[in-house]
Amino acid sequence: MTFLMDFKQNFIEEDRWKFILNGLGVTLRVTLFAVLIGIAIGFVVAVIRATYEKTGKLVICNFLANVYLTVIRGTPVVVQLLIIYFVIFASVRVDKIFVAIIAFGINSGAYVAEIVRSGIMSIDPGQMEAGRSLGFNYIETMWYIIIPQAFKNVLPALGNEFIVLLKETSVAGYIALEDLTKGGDIIRSQTYHPFMPLLAVAAIYLAIVMLLSFLLKNLERRLRNSER
Amino acid sequence: MSDKNGNDKKLLISVENLSKRYEDLYALYNVSIDIYKGDVIFIVGPSGSGKSTFLRCLNRLEEPTSGNIIFDGTDITDKKTDINKHRQKMGMVFQQFNLFPHMSVLKNLILGPVKLQNKSKEEATEEAMALLDRVGLSDRANAYPNQLSGGQKQRIAIVRALCMKPDVMLFDEPTSALDPEMVGEVLEVMRELAKENMTMVVVTHEIAFAKEIANRVIFMADGQIEEENDAKEFFENPKSERLKNFLAKVL
Ligand SMILES: Nc1ncnc2c1ncn2[C@@H]1O[C@H](COP(=O)(O)OP(=O)(O)OP(=O)(O)O)[C@@H](O)[C@H]1O
Ligand SMILES: [Mg+2]
């Protein structure tokens, strides 16, 4: 019976389940939008880097892109989050969710960029030549011909990035954002029962990750079976 | 095959002292030639003689080191020229086809006309289907490139270039990547094009085919035009020793 009592105390009393549910909502929202920002940044950076590698153009953009990649991948995401919240947004009052989305988006962009860059570099140079010979300019050829193929090739890796990011957002509590992890931790601090809330949090992460992995496997299989 | 129709010819492309240098070697050195509307020019020569480089310089897929290319009155080597606009008028067919694998055949064909020439989807589709029909592939409009044989791919690639309504078609060894039994179907399409007075510049190893449809033939060696002549003269009366040797080997 202690199990039931524990359960009641941790989740039912004072509507504590809301910490979990609201936290889950925050986590999913932050992850989703951060991934979208990451993909946007990642594609731009990847195109810059691939263009530089292939043509030697965009020297300055490529330099800035390299600085971005080096700094973001060379420092812990928590530190980036803290800096963006306490330094960059120090004097403005902004929604913490917004800050988290920006921070994780910028962080994710660096990893997405390298994924997409390898995708772009793996496309046969003949594709670029065919596009250019039709009269498309460089950017148009990238957009209509190269990126769709590269995107398809790296979709599984991008899905994986989504999964990684979902787990990484659990450090959002450092700026007191009440995400899923923080939600469980708040319950723990109120009930002094760490076991149940923290295990519940872990179970939810695990369930989402397993679900996403399953969807990703299906997607990969379907991509393999489609026209290529 | 002699001079087509005997009409007086309009200058389409004028190549003046074209050179292309890669680090330590000239892949192309001081090449000059005039190409007239309706010309079917074949370029032959040993491997590494600069045939592809010459062809790819014509639409600046390869940036020439020096020299000028006047296409339809415009110097397209001038950095101020919008090369993209002129490339629309210079169709190119590659050895490796280079169809877009993520698009259906029809999408491959209408992408250029719709995005670059502001045609409606319907109009572009109609034109593409008519051309597809001419190469006998209208039933493959919705297929994807990897569902096609090499010969079919190359015919589609030719149609893709034709959909842009080019003034000239550039072919770089269009049959070299094909199984022997598929060469014929591609040559047939090119034969038809030549009959319709399409201006063509063709790099090939198919000497017999050059003999059949070319009106002019260029022999390249070491990045230069070693010999250039009307097709008949070229094959019957080769002048340079190198060309004689070359022809003796390939014929
Ligand atoms: N990107 C490049 N970098 C350096 N050298 C090159 C490059 N492309 C071509 N070359 C050199 O330029 C010369 C001409 O090459 P090109 O491809 O035009 O010959 P080709 O006549 O088309 O030969 P093939 O019949 O084998 O296709 C060759 O010596 C080749 O090695
Ligand atoms: Mg070649």
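Remember, predicted model here, so these are calculated numbers, not experimental data. Letters A, B, ... are given to chains in the order of the sequence lines, protein chains preceding strands, and every chain is numbered from 1.
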Give the C-alpha distance, both sets of side-chain angles, the deciding distance and a yes or no for side-chain hydrogen bond (donor to acceptor under 3.5 Å, both in side chains) between Q80(A) and T75(A). CA-CA 7 Å; Q80(A) 294 163 17; T75(A) 53; 2.8 Å; yes
Give, as side chain, backbone, both or neither, the part of D124(A) having an atom under 4.5 angstrom from any heavy atom of chain B. side chain
Heavy-atom proximity to chain A below 4.5 Å, by part of M164(B): side chain
Is there any ring pair (Phe, Tyr, Trp, His ring centres under 6.0 Å) pair reaching into residues 149-180 of chain B, and which pairs are they, with sequence neighbours excluded? none
What residue among Q96(B), K51(B), H205(B) forms side-chain hydrogen bond (donor to acceptor under 3.5 Å, both in side chains) with E173(B)? H205(B)
Proximity of Y174(A) and Y85(A) rings by center, below 6.0 Å: no
Please flag which part of F100(B) lies under 4.5 Å from any non-hydrogen atom of chain A: side chain, backbone, both or neither. both
Aromatic ring pairing F98(A)/F89(A), orientation class (parallel under 30°, perpendicular over 60°, tilted between): perpendicular
Working for side-chain hydrogen bond (donor to acceptor under 3.5 Å, both in side chains), residues D34(B) and S14(B): CA-CA 4 Å; D34(B) 287 338; S14(B) 184; 2.8 Å; yes
Do Q152(B) and R140(B) have side chains that get closer than 4.5 Å, going by heavy atoms? yes
Filtered by a 4.5 Å non-hydrogen cutoff, the part of residues 19-29 of chain B contacting chain A is none
Let's test your reading of the structure: which of N59(B), D82(B), L111(B), V93(B) forms the most heavy-atom pairs below 4.5 Å with chain A? L111(B)
Knowing that exactly one of E192(B), E185(B), E188(B) qualifies, which makes a salt bridge (Lys or Arg N to Asp or Glu O under 4.0 Å) with R155(B)? E185(B)
Is a salt bridge present between E129(A) and R132(A), judged by a nitrogen-to-oxygen distance below 4.0 Å? no
Given that the side chain runs from C-beta out, which part of R60(B) has a heavy atom under 4.5 Å from chain A: side chain, backbone, both or neither? neither
Winner by heavy-atom pair count (cut-off under 4.5 Å) against chain A, out of H86(B), K115(B), Q117(B): K115(B)
